[in-house]
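Every chain is numbered from 1, with letters handed out A, B, ... down the list of sequences.
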Number of protein chains: 2
Amino acid sequence: MKKKEVILQAATHLFSRKGYKDTAMGELTKMTGAAEGTIFYHYKSKQGLFLAILSNLKEGILPEFERYRNAESEKTGLDMVEESISFYLYMAQSREDLFAILHQRYPYELAESNPECRDHLEAVYNCFVDIFENAIVTGQRDGSIAPDIAARKSALIVFSMVDSMVRFRMNNLYDVGALYKDLIESCRRMLENRTR
Amino acid sequence: MKKKEVILQAATHLFSRKGYKDTAMGELTKMTGAAEGTIFYHYKSKQGLFLAILSNLKEGILPEFERYRNAESEKTGLDMVEESISFYLYMAQSREDLFAILHQRYPYELAESNPECRDHLEAVYNCFVDIFENAIVTGQRDGSIAPDIAARKSALIVFSMVDSMVRFRMNNLYDVGALYKDLIESCRRMLENRTR
DNA sequence: TATAAAACTGACTGAGCGCTCAGTCTAGTT
DNA sequence: AACTAGACTGAGCGCTCAGTCAGTTTTATA
């Protein structure tokens, strides 16, 4: 692995664990064995490095979400919602570093002045919400989900619940495992079609 | 107003808008007119100042939530849930500074090594969840809310939704106003008693 | 093997930071 | 008027940090 890649990986790890501001470039040199200058040779600034991480995050996560979304399924839409929640929670755990970065303040602050950053964030969030919307639309077609709810907005609401769970877990506020069953049940009650 | 209080207010504002690490003590001197030394005369360190803010936040918010929770209501539990969501969103808007601080990384980081900080956070979050739990328990008693759901866990789930909405608004990700109606409707579907 | 480009190095810089401290000011008491 | 305690001051200290740059090593090409 080239130094450039090593730096990116180490920076992803450090930024996600300690935050942007609390990570010194000097720590990166210790972790990577690269000299201070090498980092600035490959990335023009600390902010530039962060943008590279975001871009890498997008490239690493989106395809997996898109592949998941496009996979054929025999399930009802309502069951797909449950599965999507599982999938999201699974991804958030297996790619902890990347999701932790999305739960920090810095990217949103940067997004206000940097369109590239804003684009990355929007793409990622749209993709997240898409998998829930896809399941809901499917459910409205097959009759398992209430036809009179707004699919996109409901998808956003489901996402907001799952996103909070991830945040709770990361901040050590609540044990998400203990809530998982109730979360699924709540979403089912929220979405299921009762007119049949 | 004494300098000490002025410093606390200004620091609350700055910390909430720019974050803990990105706020320099020097900025506080400009905002308050107090000398650098004055801040450290009243608060023993930057961290100590932050703890004072948290304590002040608790004292400022909890009584209002407790008063709200203990107020008698003619409403059904299900209607109370809706009202509680409104109340929470209203509080989050009118006390924007305080809620913004709760949505930062620093307090949770500090909580891991500082019990005082941890206590403050726990007290605040418990109080938040309590108002939803109270409504749900009431609803289970009056029959408007499903008897077979776990009140505390459901309260946590409702809270997680509302909390995400506040976070979305703060990060300029989505317009919460546009989602309000759907949020309420979703919670109703999620909680309402259908066995009657 | 010679040459050039690309990758890498680490001592250095200067700005900014949290915090200190010796001393001044103010208001209340005797 | 003399004294005192608490509030307040701001220059300055020690340190950290992002970023630079002149120079060295590695790699690719001729």
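Within 4.0 Å (heavy atoms only), A:T23 reaches sugar-phosphate atoms of the nucleic acid but no base atom. Heavy atoms of A:S45 sit under 4.0 angstrom from primed sugar atoms or phosphate atoms, though from no base atom.
Side-chain N/O atoms of B:T38 include one lying less than 4.0 angstrom from OP1 or OP2 on D:dT9. Between A:K3 and the phosphate of C:dC8, there is no side-chain N or O to OP1/OP2 separation shorter than 4.0 Å. Dashed line: the shortest gap from a side-chain N or O of B:Y41 to OP1 or OP2 of D:dA7 is under 4.0 Å. Close to D:dA7, at under 4.0 Å from its OP1 or OP2, lies no side-chain N or O of B:H42.
Distance A:K46 NZ to D:dA18 C1': 8 Å, rounded to the nearest Å. For the pair B:L28 CG and C:dG18 C1', the computed distance is 12 Å after rounding to whole Å. To the nearest angstrom, C1' of C:dC17 lies 16 Å from CD of B:Q47. Protein atom CE of B:M25 is 20 Å distant from nucleotide atom P of D:dC15, rounded to whole Å. Rounded to an integer number of Å, the gap from NZ of A:K30 to P of D:dA18 is 11 Å. One can place CD1 of A:I39 at 16 Å from P of C:dA7, the figure rounded to the nearest angstrom. Between the P atom of D:dA18 and the CD atom of A:E36 lies a distance of 8 Å, rounded to the nearest Å. The distance between atom CZ of A:F15 and atom C1' of D:dC17, rounded to the nearest whole Å, is 13 Å.
A donor-acceptor pair is defined here as one N or O able to donate and one able to accept, closer than 3.5 Å; such a pair exists between the side chain of B:N70 and the backbone of B:E66. A donor-acceptor pair is defined here as one N or O able to donate and one able to accept, closer than 3.5 Å; no such pair exists between the side chain of A:N171 and the backbone of A:L173.
By the 4.0 Å N-to-carboxylate-O rule, B:R194 lies close enough to A:E192 to be salt-bridged with it. The pair B:E185-B:R189 does not count as a salt bridge, with every side-chain nitrogen at least 4.0 angstrom from each carboxylate oxygen.
Residue A:F128 holds its CZ atom at 7.5 Å from CE of A:M91, rounded to the nearest 0.5 Å.
Between A:G37 and A:K21, it is A:K21 whose nearest contact on DNA chain D lies nearer the 5' terminus. Summary of the strand contacts: A:D22 and A:K44 both lie near DNA chain D, and taking for each the nucleotide with the nearest heavy atom, the more 5' one is attributed to A:D22.
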